[in-house]
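Lettering of chains follows the sequences in order, A, B, ..., and the numbering in each one begins at 1.
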2 protein chains.
Amino acid sequence: MTEPAFFVLTALVDEPRHGYGIAREVEKLSDGRVQLKIGTLYGVLDRLAADELVAPDREEVQQGRLRRYYRLTDSGARALEAEAVRLAANARSASERLRARHAGGMA
Amino acid sequence: MTEPAFFVLTALVDEPRHGYGIAREVEKLSDGRVQLKIGTLYGVLDRLAADELVAPDREEVQQGRLRRYYRLTDSGARALEAEAVRLAANARSASERLRARHAGGMA
DNA sequence: TCCCAATATCTTGTCAGCCGATATATTATC
DNA sequence: GATAATATATCGGCTGACAAGATATTGGGA
């Protein structure tokens, strides 16, 4: 799973959101570190929808602007959970090795 | 940082290794989950060397086969540490949200 | 002896995907 | 009337992952 896809799924965990709203939520939940590019966003959404990790939820017209909402599917939630576990494991193995190195490297 | 690059750096934390040895070490430290492709490996090494996150260490000829060793630079160790922190943060934010969802979603 | 597998390097070509740029449309502000 | 924010979508360039193949040595099995 690519990193933009990971963030899109994370942004959809609590409630359905529309494209622009996802981009703002991702920026918020990463403390401004990740700014999803608009050209990236819709491509990612298409791919996630094709894989059925997200699904179209509803469409609204608010103040004349179309909002197309997406929600996380059960399959998407499982995929996100698995990816989170994988990332945590990767981070842990690197951190452990670095710690051993600074501790004097008992190779 | 791309995932293959992350694994290459991790494999070099404890000691310098040559290309083939890196591939075997990555497979080992990921419990067989990550099998670095040979075409990926050398491209990644070139890019990491250009960025000075790894550096050529020495060359050996063992049993007629050339071994070109690479070592992690201080800059590489710092980059790996930062990436590990970032991955851990990403994994944590996703896991927390998923936990809240299963707990009943107090949105 | 000959072929294959393992070890070891590197190159080339294809495909996926990120992202900048652009287009379109509405509302609000200046 | 121009600009910014909100909101959608597409296109093209570039980077990077990876399959495949080239090259070379050692050792084992048919």
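- For the pair B/E60 CD and C/dT9 P, the interatomic distance rounds to 11 Å; values are reported in whole Å.
- For the pair A/Y42 OH and C/dT24 P, the computed distance is 17 Å after rounding to whole Å.
- At the heavy-atom level, A/G39 lies under 4.0 Å from base atoms of the strands shown.
- Taking only side-chain atoms of B/R65, from C-beta outward, the nucleotide of C/dC10, C/dT27, C/dA8 with the closest atom is C/dA8.
- When each of A/K37 and B/G43 is assigned the nucleotide of DNA chain C bearing its nearest heavy atom, the one mapping closer to the 5' terminus is B/G43.
- Nearest heavy atom pair, residue A/N90 against residue B/R33, reads OD1-NH1, 4.3 Å.
- A salt bridge is defined here as a Lys NZ or Arg NE, NH1 or NH2 lying under 4.0 Å from an Asp or Glu carboxylate O, and B/E3 with A/R86 meets this definition.
- One can place CD of B/Q62 at 8 Å from P of C/dA8, the figure rounded to the nearest angstrom.
- Here the P atom of nucleotide C/dC10 and the CG atom of B/L66 are 7 Å apart, to the nearest Å.
- Side chains of A/T10 and A/L80 form a contact here, defined as non-hydrogen atoms less than 4.5 Å apart.
- Note on A/T40: a base of the nucleic acid sits closer than 4.0 angstrom, heavy atoms only.
- Separating the CG atom in A/L41 from the OH atom in A/Y20 is a distance of 11.0 Å, to the nearest 0.5 Å.
- In 5' to 3' order, the nucleotides of DNA chain D bounding all contacts with chain B (an atom under 4.0 Å from a heavy atom) are D/dG16 to D/dT26.
- Atom CD in A/Q35 sits roughly 11 Å away from atom P in C/dC19 (whole-Å rounding).
- Residues from residues 20-33 of chain B lying near DNA chain C, meaning a heavy-atom separation below 4.0 Å, are B/Y20, B/R24 in numerical order.
- Set against C/dG17, C/dC19, C/dC10, the side chain of A/R47 has C/dG17 as its closest nucleotide.
- In this structure, A/E96 places its CD atom where more than 12 heavy-atom neighbours from other residues, nucleotides or ligands lie under 6.0 Å away.
- Between B/L41 atom CG and C/dT9 atom P there is a gap of 8 Å when expressed in whole angstrom units.
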